[in-house]
Amino acid sequence: MNEHVFRFSPRGSKGTSPLLSVSGFAINLDRAMNAIRTRAVGRAFCSTANLGAGFDVFGLALNRYSDTVNVRITSRKKIRIVVRGPEGRNIPVEVRKNSAGPPAEELARKARLKKGFEIIVEKRVPHGLGLGSSGATAAACTMVVNALLDLGLSNDELVQIASLGEKAVAGTPHADNVAASLLGGFVIVYDWPIRTISLKPPHGLAVVVTTPQLPVQFGKTRKARKVIPEKIPVKNAVLNLGRASVMAAAFAQGDIRLIGAGMEDQIAEPYRKDLIPGYDDVRRMGLEAGASGVSISGAGPSLVALVDEDNRKPRLVAQAMGRAFAQNNVRSTSFVARPAQGASIVKKE
């Protein structure tokens, strides 16, 4: 007769989990407990991307808006998406069109999950403003499903998977927004497969976001990407490379004034600025009011200004940018944000 011997091993070194040994097979109790959980809830903040010279490379999480994603494992072998919240109208719920869908599909494939998901998105990040709305949803969903399935993926793997959500919405798997929403702070995205660096922003950094009230264009990000030529002059690439290098060093050193030196772009903004009435005036007046740098936030139409709050007043910068839009017969709204933390799990059960 086969005899199964159950031995409970006490906790060993600090941080390790007790093991249950069954005829030589060890089962991690923490992992076993996680495996029976069927629901988790997570949140991710909005973000601004590019910051001038860092096209598709730089991102910064902002503490103004956030999306909450509630994921439940179901017995049905498919994914169902429900969108709610004040910014949930006109957001598609098809799995291949909602930025939560493709990351959830990929994580289920990795886990060889034979069941499905119900994904409820509480949408609070406005879409169509250049604040990483789809990226926040993708980041929150990726974080939640990874935790729910106990996959233990690395930050780089999570960003790579979350970028699939951006591909569904924008047509390309750009990762600057999702990386910022997932990791928090200032992020640098590079290489393929994706690799990331996350830096803590300097103390006193405030971000003024000014948004012109223009008609909302669906598919705006795709359109904004199409206006950028596939080939650019070498001199422009060199200028951007130098400015982006200065920005990365300035974030590492905590020098807000120097960060602004890199917020001038020769790749995307020369073509995208024509989509924003009064862009040149708004940028100029923001700088004159004390901003370290001004750039288009992601695909726009919002503009962001980085301000050293210890030496300048963000409110005055916001007012100056608003006046510039008004002089061009465009109404606008503004708010002041600070860098945000990365995505987090709110509940797991």
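Heavy atoms only: backbone and side chains are in, while hydrogens, waters and symmetry mates are out.
Considering only heavy atoms from C-beta on, Thr137 comes within 4.5 Å of Asp67 through its side chain. Between Pro201 and Arg338, the closest side-chain pair of non-hydrogen atoms is not below 4.5 Å. The closest side-chain heavy-atom distance from Arg64 to Phe45 is not below 4.5 Å. Contact of the Pro339 side chain with the Leu205 side chain is registered, since non-hydrogen atoms from C-beta on lie closer than 4.5 Å. Between Ile91 and Val121, every side-chain heavy-atom pair lies at or beyond the 4.5 Å cut-off. Between Arg315 and Val336, every side-chain heavy-atom pair lies at or beyond the 4.5 Å cut-off. Using a 4.5 Å heavy-atom threshold, the side chains of Arg96 and Glu105 count as touching. Counting only heavy atoms from C-beta outward, the side chains of Ile259 and Pro202 approach each other to under 4.5 Å.
Considering CG of Leu148 and CG of Leu107, their distance stands at 10.0 Å, rounded to 0.5 Å. Here the CD1-NZ distance, from Ile81 to Lys97, works out to 12.0 Å after rounding to the nearest 0.5 Å.
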Ser295 vs Glu269, side-chain contact (heavy atoms from CB on, under 4.5 Å): CA-CA, chis, key distance, verdict: CA-CA 8 Å; Ser295 67; Glu269 292 202 3; 3.1 Å; yes
Test side-chain contact (heavy atoms from CB on, under 4.5 Å) applied to Ile119 and Asn70, step by step: CA-CA 6 Å; Ile119 301 172; Asn70 184 327; over 6 Å; no
Criterion salt bridge (charged side-chain N to carboxylate O under 4.0 Å, His left out) on Arg80 and Glu118, from CA distance to verdict: CA-CA 5 Å; Arg80 174 174 177 261; Glu118 179 186 64; 2.6 Å; yes
Intermediate values then yes/no, side-chain contact (heavy atoms from CB on, under 4.5 Å), Val82 and Val93: CA-CA 6 Å; Val82 177; Val93 296; over 6 Å; no
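Checking side-chain atoms of Arg272 against main-chain N and O of Gly298 turns up a donor-acceptor pair under 3.5 Å. Counting only distance, with no hydrogens or angles, the side chain of Arg243 and the backbone of Glu264 share a donor-acceptor pair below 3.5 Å. No donor-acceptor pair closer than 3.5 Å links the side chain of Thr68 to the backbone N or O of Val41.
One finds no salt bridge joining Glu87 and Arg124 here, because no Lys/Arg side-chain nitrogen approaches an Asp/Glu carboxylate oxygen to under 4.0 Å. Here Arg257 does not pair with Asp308 in a salt bridge; the nearest charged N to carboxylate O distance is not below 4.0 Å. Salt-bridge check for Asp56 with Arg225: passed, with a basic side-chain N closer than 4.0 Å to an acidic carboxylate O.
Judged purely by distance below 3.5 Å, without hydrogens or angles, the side chains of Ser297 and Ser302 never pair a donor atom with an acceptor atom. When only modelled atom types and interatomic distance are considered, Asp281 and Asn328 share a side-chain donor-acceptor pair under 3.5 Å. When only modelled atom types and interatomic distance are considered, Glu166 and Ser134 share a side-chain donor-acceptor pair under 3.5 Å.
Of all heavy-atom pairs spanning Ala248 and Ile188, the tightest one is CB-CD1, 4.0 Å. Ala140 approaches Gly42 most closely through the heavy-atom pair CB-O, 4.2 Å. A pairwise comparison of heavy atoms in Val125 and Ser133 identifies O-OG, 3.0 Å as the closest pair. Closest non-hydrogen pair, Ile228 versus Ala268, comes out as CD1-CB, 3.6 Å.
Evaluation of the ring pair (Phe, Tyr, Trp, His ring centres under 6.0 Å) rule for Phe335 yields Tyr65 as partners, not counting sequence neighbours.
Sorted by first and then second residue, the salt bridge (Lys or Arg N to Asp or Glu O under 4.0 Å) pairs with a member in residues 39-52 read Arg39-Glu349; sequence neighbours excluded.
For CD of Gln341, the number of neighbouring non-hydrogen atoms (other residues, nucleotides, ligands) closer than 6.0 Å is 12 at most.
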